[in-house]
A.B. asks: 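What follows is a structure written as structure tokens; I'll ask about it next.
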Amino acid sequence: MSVSLTVFCGSNRGVGEAYAEAAAELGAEIARRGIDLVYGGGRVGLMGLVADAALAAGGRVTGVIPQHLVDAEVAHGGLTELVVTASMHERKARMIAGSSGFVVLPGGFGTFEEALEVVTWNQLGLVAAPVVCLDVDAFFVPLVQQVGRAVQAGFVRAEHARLLTIVGTARAAVDAALAPPPPLVPKWIEP
Ligand code: AMP
């Protein structure tokens with residue numbers, strides 16, 4: 001059976017070239033290693049760049065996109081497979097099911113929401129797969145600080161803060177996303 005990684009990333013490309021370069025490196029790295037890429041199916045922003053780089057390197061790319069975004073004409077037309085879902089919820093379930101791990105590139109609310117949902121599900125034992133942020137220009141530093149704040153304030157266990165891994169290269173991101181799933185630690189701090 002083939003191994004697949006799901007990538008969450010911005011539907012905008014971000015300011016400057018560093019984000020776009022990281023997206024292209026990640027797509028190419030995934031394809032070169034013979035891993036299937038699953039992502040949100042868009043042709044816009046970093047999403048389109050990850051997919052195009054993986055396809056250019058000979059990889060298999062599955063996009064999972066809800067009908068309303070197809071109708072808005074942001075679906076990628078050249079993927080190996082495009083799965084069209086009825087809703088955002090169905091789409092996310094399909095992007096999560098069967099994936100060996102998750103790589104997160106910089107993005108906006110959609111990216112945060114997707115990444116934090118998988119972390120949350122890991123915490124509850126509903127998913128067991130690494131979530132790895134590929135950092136560019138210290139983009140994820142404030143997120144790590146926010147999580148640290150939640151640990152200090154007693155809302156997140158220190159072990160659960162480690163469910164979000166931060167790395168600096170595409171190769172390290174793929175390595176970490178393919179690593180064994182994090183051990184399950186009970187979510188609640190108080191009995
Ligand atoms: P954002 O970070 O807010 O740009 O949202 C990006 C994430 O939300 C992606 O990983 C997608 O799964 C989803 N998403 C948001 N906008 C689009 C779009 N135009 N086409 C496809 N997926 C999108």
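Note that the numbering runs from 1 along the sequence shown for the chain. One-based numbering, in listed order, for ligands and for the atoms of each.
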A.B. asks: Is it the side chain, the backbone, both or neither of Met47 that has a heavy atom closer than 4.0 Å to ligand 1?
C.D. replies: side chain

A.B. asks: I'd like to know if the side chain of His76 pairs up with that of Asp52 as donor and acceptor (distance under 3.5 Å, no hydrogens or angles considered).
C.D. replies: yes

A.B. asks: Over all heavy atoms of both residues, which pair between Pro181 and Ala129 is shortest? Give the atoms and the distance, please.
C.D. replies: CB-N, 3.9 Å

A.B. asks: Give the atoms of ligand 1, by number and element, whose distance to some non-hydrogen atom of Gly40 is under 4.0 Å.
C.D. replies: 12 (O), 21 (C), 22 (N)

A.B. asks: Looking only at protein heavy atoms, which one is nearest to atom 15 (C) of ligand 1, and what is the separation?
C.D. replies: Ser11 OG, 3.8 Å

A.B. asks: What protein heavy atom sits nearest atom 10 (O) of ligand 1, and how far off is it?
C.D. replies: Glu114 OE1, 2.5 Å

A.B. asks: With a cut-off of 4.0 Å, which atoms of ligand 1 are near a heavy atom of Gly107?
C.D. replies: 2 (O)

A.B. asks: Taking 4.0 angstrom as the limit and counting only heavy atoms of Gly10, give me the atoms of ligand 1 inside it, by number and element.
C.D. replies: 2 (O), 4 (O)

A.B. asks: What about Asn12: any of its N or O atoms under 3.5 Å from an N or O on ligand 1?
C.D. replies: no

A.B. asks: Hey, any chance Val44 and Val15 share a hydrophobic cluster, counting ILVMFWY side chains that come within less than 4.5 Å of each other, even indirectly?
C.D. replies: no

A.B. asks: If you define the side chain from C-beta out and look only at heavy atoms, does anything of Leu79 sit under 4.5 Å from Leu55?
C.D. replies: yes

A.B. asks: Hydrophobic cluster membership, with links at side-chain heavy-atom distances under 4.5 Å among I/L/V/M/F/W/Y: are Val141 and Val131 in one?
C.D. replies: no

A.B. asks: Under 4.0 Å from a heavy atom of Cys9: give me the atoms of ligand 1 that qualify, with their elements.
C.D. replies: 6 (C), 7 (C), 9 (C), 10 (O)

A.B. asks: So, Thr62 versus Glu81: side-chain donor-acceptor pair below 3.5 Å or not?
C.D. replies: yes

A.B. asks: Can you tell me which residue and heavy atom of the protein come closest to atom 19 (N) of ligand 1, and the distance to 0.1 Å?
C.D. replies: Val74 CG2, 3.4 Å

A.B. asks: Within the 4.5 Å heavy-atom criterion, are Val127 and Ile96 side-chain neighbours or not?
C.D. replies: yes

A.B. asks: Kindly confirm or rule out an N or O of Gly108 lying under 3.5 angstrom from an N or O of ligand 1.
C.D. replies: yes

A.B. asks: Answer with side chain, backbone, both or neither: which part of Ala72 has a heavy atom less than 4.0 angstrom from an atom of ligand 1?
C.D. replies: neither

A.B. asks: Any idea which protein heavy atom is nearest atom 3 (O) of ligand 1, and the distance to it?
C.D. replies: Gly110 N, 2.9 Å

A.B. asks: A side-chain contact here means heavy atoms from C-beta on lying under 4.5 Å apart; do Leu37 and Leu5 qualify?
C.D. replies: no

A.B. asks: Within ligand 1, which atoms have a heavy atom of Leu69 less than 4.0 Å away?
C.D. replies: 17 (C), 18 (C), 20 (N), 21 (C), 22 (N), 23 (C)

A.B. asks: Which residue holds the protein heavy atom closest to atom 21 (C) of ligand 1, what is that atom called, and what is the gap in Å?
C.D. replies: Arg91 NH2, 3.3 Å

A.B. asks: Should Val119 and Val185 be counted in the same cluster of Ile, Leu, Val, Met, Phe, Trp and Tyr side chains packed under 4.5 Å apart?
C.D. replies: no

